[in-house]
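Remarks on the structure that follows.
Chain naming here is simple, since letters A, B, ... match the order of the sequence lines and numbering starts at 1 in each. Everything quoted here is computed from the prediction, not taken from an experiment.
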Amino acid sequence: MSVGLQRLRDEPDAIRKGAIDKGEDPALVDAALAADTRRRELQGEADGLRAERNATSKSIGESIKAGARPDGPEVAALRSRSTEIGKRLGDIERELTAAEAQVEDLLLRIPNPAEPDVPVGGEEANVTVHTWGEQLPRSQPAEGEVGADASARGATWERRPHWELAEALDIIDLRRGAKIAGSGFPVYKGAGAALQRALITWFLDVHTRENGFTEIWPPIVINSASARGTGQIPDKEDQMYVVTRDDLYLVPTAEVPVTNLHRDEILEPGTLPIHYVAYTPCFRREAGAAGKDTRGILRVHQFDKVEMVLFERPEVSGAALDWMTGRAEDLLQRLGLAYRVLLMSTREMGFVQSRKYDLEVWAPGVERWLEVSSCSNFRDYQARRMAIRYRVEKGGKAELVHTLNGSGLALARTVAALLETYQLADGSILVPEVLRPYLGTDRIGPPAG
RNA sequence: GGAGAGGUGCCGGAGCGGUUGAACGGUCCUGUCUUGAAAACAGGUGACUCGCAAGAGUCCGUGGGUUCGAAUCCCACCCUCUCCGCCA
């Protein structure tokens, strides 16, 4: 169950197209359909046999009650007949179980089709919806609006990448992180550590106090059922760290534990929408990305993220996605970081999303756009996997909810962009207005040496 | 980690191996009554699968097993609670 058998039967062409657009195998649709037909046949047979057996067993009980001897010939005849049925039933049931597993397996491998207006294609097809802020150049006049500093007046200076700044300021220690855990596990130190804490706290404060979210502080390990629910299994299994001994995974994002909060639940009328926000560290193996973005903290195995998770009624999930994306944008605007919003194409958006916006922030030191947020609507796809339903009215029929989530925001890259944007000519960092109450200073540095 | 108790429907709480999908109570819904409400009374009130329907089937923590038949018996696992130990 993922795309939904009903929809698969009703509009197989649309599902096939959805698979093709996402670069997945459309033949899975036909395989699933065929497996489902077989499954239904078997279930019909099994149900018939069970009905027969149930009736026979019942008549044994009734005969005995009516006075027949339990070891008499009448009962013995019924008994052997029931045994006979049971044997056939056993065979059918084995086949049925296999067929059910097959259907489920195939369904799990069929992607959620993108919404009709999502551009078809790969990276080149992504659409920039809009941009905000000034895309600062790497070379900065000394009297630039952000980096005005007396000592550098009259000259131009080059913005430095965040890893140089961080090392000079001694606020991020990548080498020692590699020593104690491995490469890609940064150590934040002093003002660097405080900056992490400030960002996390500020994000959570805005979401809970201004945006109406309920804060969740979830476990940062998940079991396989939870990983399956949100689609990490089987789609992204090799990106997760596994605790084999206890059959647990380290969370790749708070989305997994938080969305699973309502797994196998029917939400009563009046409970939707549910808006959760959660901070967790996030662990990703980044398998297949070796050698990519090796410098600095652009691609790391552990980073911090504040995540928004929404449960919505189907008819408003589209608007909810826009709203949620706006909440993430608001944070970037108040941090004063230039960014752009991308509507991701079919092959870029992922397996379980129906629509996804990425927020990319401009990092002038490395002169790149960095993804710091990804806001997605999953419609009923995750909800079906997790059996999250709701009732419109008391006693009404249970319907699947729509789930959405988005980063608000992911830290490592935000920190990189922030350091590079707010660096001054002397290597110190101006602290954005909104973070000053949290950091207790308006400036990090300058470096001692 | 050790010892014990227990996991049943929206909730509480029954359940000799055979009309128990599940008594009883509560909740909620619908009627009757009432100017309205409350009370009282009557009826209804789980999810899922297959089926046009009638209906059939599955589900009593999970997975196996015994049996003609299992919520009821056996085994394993998971979870909760109590006591002990340990500990941020």
Side-chain angles (χ1 to χ4, degrees), chain A residues 1-10 32-107 217-229 243-249 257 260-272 380 383-401:
Chain A
M1 278 185 290
S2 294
V3 144
L5 274 169
Q6 198 54 54
R7 188 166 167 212
L8 203 67
R9 285 180 213 141
D10 292 348
L33 245 18
D36 178 48
T37 303
R38 175 81 182 126
R39 190 199 104 240
R40 281 191 282 172
E41 281 169 14
L42 287 166
Q43 187 181 333
E45 281 184 61
D47 282 357
L49 287 171
R50 278 199 207 101
E52 217 176 318
R53 188 198 60 187
N54 290 349
T56 310
S57 291
K58 190 185 264 185
S59 64
I60 291 174
E62 279 164 357
S63 303
I64 293 171
K65 235 178 204 167
R69 289 217 317 279
D71 54 353
E74 187 189 339
V75 169
L78 286 168
R79 218 173 254 191
S80 67
R81 185 161 152 233
S82 187
T83 306
E84 179 59 31
I85 296 166
K87 265 188 203 142
R88 274 195 287 155
L89 180 59
D91 292 339
I92 300 288
E93 275 179 336
R94 261 183 295 281
E95 279 187 69
L96 178 59
T97 304
E100 281 170 346
Q102 195 188 1
V103 171
E104 192 182 334
D105 176 61
L106 287 165
L107 245 28
W217 198 284
I220 58 170
V221 293
I222 47 171
N223 56 32
S224 55
S226 297
R228 194 173 297 277
V243 185
T244 48
R245 184 170 172 160
D246 297 297
D247 194 25
L248 295 168
Y249 299 84
N260 273 282
L261 241 25
H262 294 295
R263 172 153 50 89
D264 295 320
E265 288 186 16
I266 298 175
L267 305 169
E268 287 308 314
T271 50
L272 293 180
D380 64 6
R384 184 173 294 105
R385 286 189 173 197
M386 283 186 271
I388 305 178
R389 291 165 295 167
Y390 75 105
R391 287 186 222 280
V392 179
E393 54 187 281
K394 265 211 177 312
K397 194 167 158 37
E399 316 246 17
L400 292 168
V401 303

Any donor-acceptor pair under 3.5 Å from [X] side chain to [Y] backbone:
X	Y	result
A:R391	A:I266	no
A:S57	A:N54	no
A:S82	A:L78	no

Nearest-Å distance, [atom1] ([X]) to [atom2] ([N])?
X	N	atom1	atom2	result
A:L5	B:rC50	CG	P	7 Å
A:E265	B:rG9	CD	P	14 Å
A:M386	B:rA47	CE	P	21 Å
A:K397	B:rG46	NZ	P	13 Å
A:L267	B:rA47	CG	P	14 Å
A:R384	B:rC48	CZ	P	13 Å
A:D47	B:rG57	CG	C1'	4 Å
A:E93	B:rU49	CD	C1'	14 Å

Pair partner, [N] [Watson-Crick or wobble, under 3.5 Å]:
N	value
B:rA3	B:rU82
B:rG55	B:rC50
B:rA40	B:rU32
B:rA76	B:rU62

Could you give the distance from [atom1] ([X]) to [atom2] ([Y]), rounded to the nearest 0.5 Å?
X	Y	atom1	atom2	value
A:R389	A:D264	CZ	CG	8.0 Å
A:E95	A:E45	CD	CD	7.5 Å
A:L49	A:T56	CG	OG1	10.5 Å

Please list, chain by chain and in numerical order, all residues satisfying side-chain hydrogen bond (donor to acceptor under 3.5 Å, both in side chains) with A:N223, sequence neighbours excluded.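 Checked A:N223 against side-chain hydrogen bond (donor to acceptor under 3.5 Å, both in side chains); matches are A:S226.
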Tell me, please, which residues at least two apart from A:D247 pass side-chain hydrogen bond (donor to acceptor under 3.5 Å, both in side chains). none
Those residues of residues 33-46 of chain A lying under 4.0 Å from RNA chain B by at least one heavy atom: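 Heavy-atom cutoff 4.0 Å gives A:R39, A:R40, A:Q43.
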Between [N] and [M], how many Å separate the two [atom1] atoms, rounded to a whole number?
N	M	atom1	value
B:rA56	B:rG65	C1'	27 Å
B:rC24	B:rC83	P	37 Å
B:rG46	B:rU30	P	16 Å
B:rG1	B:rC87	P	16 Å
B:rU45	B:rC29	P	15 Å
B:rA54	B:rC50	C1'	14 Å
B:rU27	B:rU80	C1'	24 Å
B:rA38	B:rC33	P	15 Å

Establish, with yes or no, whether the OP1 or OP2 oxygen of B:rA47 is under 4.0 angstrom from a side-chain nitrogen or oxygen of A:R391.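 Indeed, a polar side-chain atom of A:R391 lies that close.
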Contact under 4.0 Å: A:R9 side-chain N or O vs B:rC50 OP1/OP2: yes
Over 12 foreign heavy atoms within 6.0 Å of CZ, A:R81: no
Among residues two or more places apart or on two chains, list those pairs meeting side-chain hydrogen bond (donor to acceptor under 3.5 Å, both in side chains) that have a residue in residues 83-93 of chain A.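 Residue pairs passing side-chain hydrogen bond (donor to acceptor under 3.5 Å, both in side chains), neighbours aside: A:R50-A:E93, A:D91-A:R94.
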If the condition is side-chain contact (heavy atoms from CB on, under 4.5 Å), which residues does A:E399 pass it with, not counting sequence neighbours? A:Y390
Under 4.0 Å, counting only non-hydrogen atoms across every strand here, what does A:R389 touch: a base, just sugar-phosphate, or nothing?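 Touches sugar-phosphate only.
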Per-nucleotide protein contact string for nucleotides 61-81 of chain B, where B marks a base within reach and S marks sugar-phosphate only (heavy atoms under 4.0 Å, - for neither): -------BS------------
Closest to the 5' end of RNA chain B, once A:E268 and A:Q6 are matched to their nearest nucleotides, is A:E268
